[in-house]
Amino acid sequence: DLDNGEMRVLEAEGERGFYGLNFLPDNRLLSHGSEGLLLWDLNSGKYQSLSKREFLFAFDLDAQRRFFVIDTPEGATLWDLQEGTERILPIASDHLLSLAISPDANFVVAGLDGGKILVLPLDSEDPHMLMGHDRSVAAVWVSPASDEIRSVSDDGTVFVWEVPDGPRTHNLPHDEFLTMLRAQTNLRVVTDIEATEGYRIEYA
């Protein structure tokens, strides 16, 4: 208690500890780690187990602190604390390094170890793919207005993205994909028989 300096110890069964703690409304605390997912009542000091599964490190809550995403052995998982339900998202955990849920709880962002970012609207099973980092995406963040994504990579770069909408670009037919790419850059790679590599870069 930062006002009076008093301290209480909350103890769970087991000895393997926790990876993270998050305060919730109504004087509650959420903990995750090797002991599973626990919901604490800070008035009584008691807890209930929401899941016995071992939860991994990546974790984030929405602005209302009702929904959260967490990395599990089965993949990224969305929890609804109000309904007490969970949903496995189509984001495999074997390449997952970072997770964020938008403050408005409309989409989830996942940073992967190959430099890719997945943006999954929560009313869909088909994520958008953002590509640009050369190495693992160590952290992702969504702006308070839920209109911007920022990502940090082990390649030393920080990217700022608009939240993608519309068709998934990685699923577009080839010609449509090229048209989309041309609309997003003023650089052109064109054939040039006099160039050493057979191509040159042209600025539009």
Side-chain angles (χ1 to χ4, degrees), residues 1-93 96-111 117-125 127-128 137-152 161 163-165:
D1 186 319
L2 295 179
D3 291 327
N4 57 32
E6 293 181 358
M7 182 177 69
R8 295 166 57 200
V9 177
L10 306 177
E11 291 190 73
E13 297 176 3
E15 300 178 350
R16 298 180 63 189
F18 305 100
Y19 300 144
L21 305 169
N22 293 84
F23 286 101
L24 300 176
D26 302 322
N27 214 21
R28 296 178 299 162
L29 181 72
L30 187 66
S31 69
H32 67 281
S34 297
E35 311 299 344
L37 189 64
L38 307 181
L39 183 62
W40 300 80
D41 181 336
L42 295 179
N43 294 316
S44 66
K46 297 181 179 179
Y47 69 89
Q48 66 179 105
S49 175
L50 301 182
S51 175
K52 297 286 189 182
R53 291 183 301 175
E54 180 176 345
F55 286 82
L56 304 180
F57 296 100
F59 180 95
D60 196 30
L61 282 154
D62 75 318
Q64 300 301 315
R65 306 187 86 74
R66 170 183 172 177
F67 297 97
F68 68 89
V69 286
I70 190 166
D71 184 15
T72 76
E74 287 79 15
T77 302
L78 175 73
W79 273 84
D80 183 337
L81 287 170
Q82 181 173 305
E83 300 294 332
T85 59
E86 65 174 335
R87 169 188 163 196
I88 304 296
L89 303 176
I91 302 171
S93 64
L96 180 61
L97 294 179
S98 51
L99 267 177
I101 185 170
S102 62
D104 61 9
N106 282 332
F107 61 90
V108 167
V109 183
I117 299 168
L118 298 182
V119 182
L120 177 70
L122 290 177
D123 60 358
S124 171
E125 292 292 316
H128 296 273
V137 181
V140 288
W141 175 84
V142 183
S143 64
S146 299
D147 60 352
E148 184 180 277
I149 297 167
R150 297 186 186 184
S151 57
V152 179
W161 312 84
V163 177
D165 195 13

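Counting only heavy atoms from C-beta outward, the side chains of V119 and W161 never approach each other to under 4.5 Å. Using a 4.5 Å heavy-atom threshold, the side chains of H128 and P121 count as touching. Inter-residue side-chain proximity for F59 and L61 is flagged as met; some heavy-atom pair is nearer than 4.5 Å. When side chains are defined from C-beta on, L97 does not count as touching V137, because their heavy atoms never get closer than 4.5 Å. Residues P90 and L120 have side chains in contact (heavy-atom distance under 4.5 Å, counting atoms from C-beta outward). Put simply, the side chain of L29 reaches to within 4.5 Å of the side chain of L10, judged on heavy atoms. Residues I149 and V163 are in side-chain contact: their nearest non-hydrogen atoms beyond the backbone lie under 4.5 Å apart. When side chains are defined from C-beta on, W141 does not count as touching V152, because their heavy atoms never get closer than 4.5 Å.
Within the structure, side chain to side chain donor-acceptor pair (under 3.5 Å) contacts touching residues 2-11 (residues at least two apart or in different chains) are D1-N4. Within the structure, salt bridge (Lys or Arg N to Asp or Glu O under 4.0 Å) pairs that include any residue of residues 137-148 comprise E148-R150 (at least two apart or interchain). Within the structure, the salt bridge (Lys or Arg N to Asp or Glu O under 4.0 Å) test picks out the following pairs touching residues 45-61 (sequence neighbours left out): R16-E54, R53-E74, R53-E86.
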Would you check, one step at a time, whether the test side chain to side chain contact (heavy atoms under 4.5 Å, CB included) holds for V109 with I117? CA-CA 7 Å; V109 183; I117 299 168; 3.6 Å; yes
Side chain to side chain contact (heavy atoms under 4.5 Å, CB included) evaluation trace for I101 with F68: CA-CA 7 Å; I101 185 170; F68 68 89; 5.9 Å; no
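Annotation: the span from N43 atom CG to N27 atom CG amounts to 4.5 Å, rounded to 0.5 Å. Rounding to the nearest 0.5 Å gives a distance of 11.5 Å between CG of L24 and CG of D41.
Considering T77, T72, L122 as possible partners of L89, the one that fulfils the side chain to side chain contact (heavy atoms under 4.5 Å, CB included) test is L122.
Nearest heavy atom pair, residue A110 against residue L96, reads CB-CD1, 3.5 Å. Here the shortest heavy-atom pairing between N106 and S102 reads N-OG, 3.0 Å. Across all non-hydrogen atoms, the minimal contact from S146 to F107 is O-CE2, 3.6 Å. The minimum heavy-atom distance linking S98 with A138 is given by the pair CB-O, 3.5 Å. When all heavy atoms of L38 and A12 are compared, the pair lying nearest together is CD1-CB, 3.7 Å. Nearest approach of L30 to L37, heavy atoms of both residues: CD1-CD1, 4.0 Å.
Evaluation of the ring-ring contact (aromatic ring centres under 6.0 Å, His included) rule for Y47 yields W40 as partners, not counting sequence neighbours. For Y19, the ring-ring contact (aromatic ring centres under 6.0 Å, His included) partners at least two apart in sequence or on another chain are F57. Every residue meeting the salt bridge (Lys or Arg N to Asp or Glu O under 4.0 Å) condition with R87, not counting sequence neighbours, appears here in chain and number order: E125.
Atom CZ of F23 sits in a sparse spot, with 12 or fewer heavy atoms from other residues, nucleotides or ligands closer than 6.0 Å.
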